[in-house]
Amino acid sequence: VSNCNDIKLSGLTPDLYLEKHINYILSYESKKDDYTYIMTEHLRISGMYWGLTALDITHNLHKIDKKEVLSFIKQCQHECGGIGASILHDPHLLHTLSAIQILCYYKALDTINVEKVVEYIKNRQKDDGSFEGDKWGEIDTRFSFCAIASLALLNRLNEVNIEKAVSFIKSCMNFDGGFGSKPGSESHAGLIYCCLGTLSITGHLHIVKADELGWWLAERQLPSGGLNGRPEKLPDVCYSWWVLASLKILGRLNWINTNKMINFILYCQDAETGGFSDRPGDMVDPFHTLFGLSALSLLGYTKADLKTINPTYCMPQYIMDEMNLKPDRLD
Ligand SMILES: COc1ccc(S(=O)(=O)N2Cc3cc(-c4ccc(C=O)o4)ccc3N(Cc3cncn3C)C[C@H]2Cc2ccc(O)cc2)cc1
Ligand SMILES: [Zn+2]
């Protein structure tokens, strides 16, 4: 049965236009009056994490003004300890994690009040072990990952109830071996990544049905070589990261056809502007640019010099080594 929800790729495999992607990210960070830049203020600090990580794995982090980044992050921390997407934006776990990830790159965790940010994260955990994204109470396994990854990077994992956090993740496991945002929610590749990341950091990967989940993840690959996030959906390059990082954690990355995957990712580049889009021909953005480059690194694409990326944290492996962080993997 041909899957109508796929795209046709013809012709040869494109090269990786590495210099164009580096210039795209550098110009994005500098064009502060650009429409897209202004329209993404609500995710600014996450956008900075995506841009800075893309620059680091392409050996260009030094081209960004460190003082400017650290001063911005410092201004985003609230009295309550939480960090917002931009100055005067409400604090949220999503942006708190992005800020901490960036500070690890600069070995500058003392830029923020660590005691207060730990208190903010602790206060997000509910009695059932789940985490709310902010004080408004939305529960999602994404926020479990943000909380656990943040605390692990701060070396303060013992501040929350790990057993209860893991039991909540377990309560979100579906019959197909996948995970959703809450108990009973449908399996989704992005949430599977968050749940596996949480289990990898807390050393509880043994609760996962690795073969069923590995099969579900490999089933995301379409004839085009691209991966989707759920059955019947269109392929999207950011799913390359969610699915491949999950398979890497499960020790089953070779269950995907690597060459067809690489080909799809390279077709998502914009040869004119630089950057990656969600699928060939769409508009590029820093989010898909990071995940396209990270997926290539994970797949061992050797035609370009990309640093190794850690599948659990989506941060350069050398940072995890320097911080002596060893998230679990099934090998
Ligand atoms: C363009 O529409 C959206 C929709 C959702 C979002 S999101 O913040 O909830 N988010 C991350 C995300 C970011 C971008 C983007 C555009 C420009 C920049 C500058 O840095 O970043 C684009 C999409 C996007 N999405 C939506 C998406 C991606 N692929 C398919 N879709 C529908 C993902 C979304 C959820 C998210 C994922 C990871 C993460 O660390 C944080 C949020 C952002 C823009
Ligand atoms: Zn996407």
Side-chain angles (χ1 to χ4, degrees), residues 5 7 21 24-32 34-55 64 69 72 83-86 89-90 92-102 133-134 138 140-150 153 180-181 188-198 220 222 224 226-230 233-246 261 264-265 267-270 273-295 309 311-315:
N5 254 354
I7 57 168
H21 302 317
Y24 165 71
I25 294 290
L26 287 170
S27 64
Y28 188 90
E29 296 291 325
S30 63
K31 272 191 217 146
K32 303 225 186 313
D34 189 276
Y35 172 78
T36 321
Y37 191 88
I38 293 166
M39 292 309 284
T40 52
E41 182 184 291
H42 66 287
L43 51 79
R44 176 72 58 249
I45 218 158
S46 290
M48 285 168 68
Y49 154 71
W50 299 320
L52 294 173
T53 307
L55 289 174
I64 291 290
V69 172
F72 179 80
I83 296 172
S86 199
H89 282 239
D90 288 344
H92 196 285
L93 282 186
L94 282 168
H95 309 302
T96 300
L97 172 58
S98 296
I100 291 169
Q101 289 173 302
I102 295 169
D134 60 16
E138 183 196 359
D140 188 311
T141 44
R142 280 193 301 160
F143 308 144
S144 298
F145 176 68
C146 290
I148 297 297
S150 295
L153 292 169
S181 57
H188 178 290
L191 297 158
I192 287 167
Y193 167 78
C194 290
C195 292
L196 287 183
T198 305
R220 296 300 111 249
L222 302 170
S224 64
L227 305 179
N228 60 19
R230 284 179 287 170
K233 293 286 180 185
L234 276 168
D236 176 337
V237 80
C238 71
Y239 287 112
S240 309
W241 171 259
W242 311 129
V243 173
L244 295 178
S246 299
M261 175 80 270
F264 176 86
I265 295 168
Y267 265 92
C268 293
Q269 301 173 96
D270 186 315
T273 63
F276 288 75
S277 56
D278 56 355
R279 59 186 70 91
D282 282 3
M283 237 183 88
V284 301
D285 62 50
F287 178 87
H288 290 96
T289 300
L290 169 64
F291 293 117
L293 290 170
S294 301
I309 192 131
T312 300
Y313 288 95
C314 191
M315 292 163 73

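The analysis underlying the following values was restricted to heavy atoms, covering all of them including side chains, and did not include hydrogens, waters or symmetry mates. For ligands, and for the atoms within them, numbers begin at 1 and follow the listed sequence.
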Quiz item: Do H42 and S86 have side-chain N/O donor and acceptor atoms under 3.5 Å apart?
Solution: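 Short answer, no.
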
Hey, does [Y] have a side-chain heavy atom less than 4.5 Å from the side chain of [X]?
{"X": "T40", "Y": "Y28", "value": "yes"}
{"X": "V243", "Y": "N228", "value": "no"}
{"X": "T53", "Y": "Q101", "value": "no"}

Practice problem: For the Zn ion (ligand 2), report each protein N, O or S atom nearer than 2.8 Å, sorted by chain and then by residue number. | Solution: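 Only D236 OD1, D236 OD2, C238 SG, H288 NE2 fall inside 2.8 Å of the Zn ion (ligand 2).
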
Quiz item: Under a 4.0 Å heavy-atom cut-off, which residues neighbour ligand 1?
Solution: Y28, T40, L43, G47, W50, R142, D236, C238, W242, D285, P286, F287, H288

Practice problem: Applying ring-ring contact (aromatic ring centres under 6.0 Å, His included), name anything that partners Y267, two or more places apart in sequence or on another chain. | Solution: none

Practice problem: Only counting residues at least two apart or in another chain, list the ones meeting ring-ring contact (aromatic ring centres under 6.0 Å, His included) with F143. | Solution: H92

Quiz item: Between T312 (side chain) and G197 (backbone), is there a donor-acceptor pair under 3.5 Å?
Solution: no

Practice problem: May I ask you to decide if the ring planes of W242 and Y193 are parallel, tilted or perpendicular, using 30° and 60° as cut-offs? | Solution: tilted

Quiz prompt | K31 to Y37 - nearest heavy-atom pair and separation | solution = O-CB, 3.6 Å

